J.: 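If you scroll down you'll find the structure; I have some questions about it.
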There are 2 protein chains.
Amino acid sequence: MAGQATQTRRRGDTRGEIQRAALSRFTDQGYDKTSLREIAEDLGVTKAAVYYHFRSKEEILESLVREMADSLEALLDWARAQTPSREVRLELLRRLAAATSGGLGDTMRCVQQNELALASMPSTVDLVHRYKQELWKVATPPDATVEQKLRVRLAIMAILLVNHGSADLGGTAAERQEAAQRIAADVII
Amino acid sequence: MAGQATQTRRRGDTRGEIQRAALSRFTDQGYDKTSLREIAEDLGVTKAAVYYHFRSKEEILESLVREMADSLEALLDWARAQTPSREVRLELLRRLAAATSGGLGDTMRCVQQNELALASMPSTVDLVHRYKQELWKVATPPDATVEQKLRVRLAIMAILLVNHGSADLGGTAAERQEAAQRIAADVII
DNA sequence: GTCTATAATACGATAGAC
DNA sequence: GTCTATCGTATTATAGAC
């Protein structure tokens, strides 16, 4: 998957292609187990070419994390502009599901899968942690108890969970998404 | 943390010490980012000494996975001997919480944190996958819908979630555990 | 922008002395 | 059972030609 091996080395979006190849590899085999040689060969260039577009391997992952942060920012901005209520929180979860069905979902999955690798990257550890906290915060009632906070986190996990893997649950992707929304609505106070 | 740096190189449980040091390192920094040199130095020996007790780095992680599997087996055996009912499933979750409060929890956390590294280890990928499925299976009603299956997985996640990290939820560890049990009871049909 | 070539380093793993 | 010493390999990253 992912690559295009040979030929087709004509387009001028090498930087973007590197990001896409890296996203795929990082998600499937992990950041540590992915070498720059693999990424380069996926698009038919050499390692040195990759180093023209990114100063380091870390910087590739960092660029993906920043894209995720930017996408999430829009969602957070919307939520912060609302008056907190249960209906707003449920709408936030619906919007999160919609957003993570697209490209944002792939990046979030990559970030999630490589949480440990990111934890030892000074340039991104704070960013990842901050956005996780922010998402929890806007989805949680202001006066929430410990149990209510935990409920919110589980609701978010339900949404994110069905966006990848989970095919072994059976049913279609749409059915799984609807099930996750029902559970989220049920678990949130 | 974890280590004892120098001195104290007297006891005859080097194999166990290697496992403990590896468990700690693998959990905190990840399997890939942990070198055998680090593990060896944690207990004040050399890499070569580690290779006397384990044939490879993989074998260390493998030994931890097998210990986890053995601990889980007891839980699964109990569950399989019961007549499926909601009360039995809730009791299973209580027993899971109790088991994962002890040493099993540390190993499960390590396995969870290194899911991606384990996925590329032929010797353990099947074992991990099998035990995850088995745990889901015994906790799920025989005729469960997609939504009910998802609910069971979330209940299990709630239990495992509060067993590590989650300190930022506030409250004591016991309070978080009780909250998780209440949510599990609430989310399970 | 992409190449070839290579430096510098760290790793997993082994051999053989003690 | 632990040591010293080392092998072979792969990696990240750089220098300089084109």
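All of these numbers come straight from a predicted model, not from anything done at the bench. Every chain is numbered from 1, with letters handed out A, B, ... down the list of sequences.
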J.: Is it the case that over 12 heavy atoms from other parts of the model lie below 6.0 angstrom from the CZ atom of R182(A)?
T.: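 Enclosed.
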J.: Donor-acceptor check, side chain of R176(B) to backbone of G171(B), threshold 3.5 angstrom: yes or no?
T.: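 Side chain of R176(B) to backbone of G171(B): a pair is present.
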J.: Looking at residues 115-123 of chain A, who's got a heavy atom less than 4.0 Å off DNA chain D?
T.: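 The stretch gives none, as no residue of it lies under 4.0 Å from the strand.
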J.: If you only use heavy atoms from C-beta on, which nucleotide in dT14(C), dA15(D), dT2(C) is closest to the side chain of A48(A)?
T.: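 Nearest to the side chain of A48(A) among the choices is dA15(D).
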J.: Can you tell me the distance, in whole Å, between the CD atom of E59(A) and the C1' atom of dT12(D)?
T.: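 To the nearest whole Å, that distance equals 14 Å.
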J.: Hey, mind stepping through E17(B) and R20(B) against salt bridge (charged side-chain N to carboxylate O under 4.0 Å, His left out) and telling me if it holds?
T.: CA-CA 5 Å; E17(B) 285 181 67; R20(B) 275 187 290 278; 5.5 Å; no
J.: Counting side-chain heavy atoms from C-beta on, which of dT2(C), dT4(C), dA15(C) comes nearest to A49(A)?
T.: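 From the listed options, dT2(C) comes nearest.
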J.: Between dT2(C) and T14(A), is there an OP1 or OP2 to side-chain N/O distance shorter than 4.0 Å?
T.: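 So the side chain of T14(A) is within the cut-off, an N or O lying under 4.0 Å from OP1 or OP2 of dT2(C).
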J.: Check whether any side-chain nitrogen or oxygen of Y52(B) sits under 4.0 Å from OP1 or OP2 of dT2(D), and answer yes or no.
T.: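 No, because none of the side-chain N or O atoms of Y52(B) sits under 4.0 Å from OP1 or OP2 of dT2(D).
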J.: Is it true that a side-chain atom of T124(A) and a backbone atom of L127(A) form a donor plus acceptor pair closer than 3.5 Å?
T.: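 Here the side-chain-to-backbone pair does not exist.
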J.: More than 12 foreign heavy atoms under 6.0 Å from CZ of R55(A): is that the case here?
T.: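 No, not enclosed.
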J.: Whether R66(A) and E59(A) form a salt bridge (side-chain N of Lys/Arg under 4.0 Å from carboxylate O of Asp/Glu) is what I want to check.
T.: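 Salt bridge: no.
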J.: Grab the N/O contacts between the protein and nucleotides 10-13 of chain C below 3.5 Å, and write none if there aren't any.
T.:
residue: dC11(C); atom: OP1; partner: S35(B); partner atom: OG; Å: 3.4
residue: dC11(C); atom: OP2; partner: R37(B); partner atom: NE; Å: 3.4
residue: dG12(C); atom: OP1; partner: K57(B); partner atom: NZ; Å: 3.0
residue: dG12(C); atom: OP2; partner: L36(B); partner atom: N; Å: 3.1
residue: dG12(C); atom: N7; partner: K47(B); partner atom: NZ; Å: 3.0
residue: dA13(C); atom: OP2; partner: Y51(B); partner atom: OH; Å: 2.7
residue: dA13(C); atom: OP2; partner: K57(B); partner atom: N; Å: 2.9
residue: dA13(C); atom: O5'; partner: Y51(B); partner atom: OH; Å: 3.1
residue: dA13(C); atom: N6; partner: K47(B); partner atom: NZ; Å: 3.1

J.: Determine yes or no for a side-chain-to-main-chain donor-acceptor pair under 3.5 angstrom, with R151(A) supplying the side chain and V187(A) the backbone.
T.: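 At least one qualifying donor-acceptor pair exists.
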J.: Output every pair passing salt bridge (charged side-chain N to carboxylate O under 4.0 Å, His left out) with a member in residues 109-130 of chain B, not counting sequence neighbours, ordered by first then second residue.
T.: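 Non-adjacent pairs meeting salt bridge (charged side-chain N to carboxylate O under 4.0 Å, His left out): E115(B)-K132(B).
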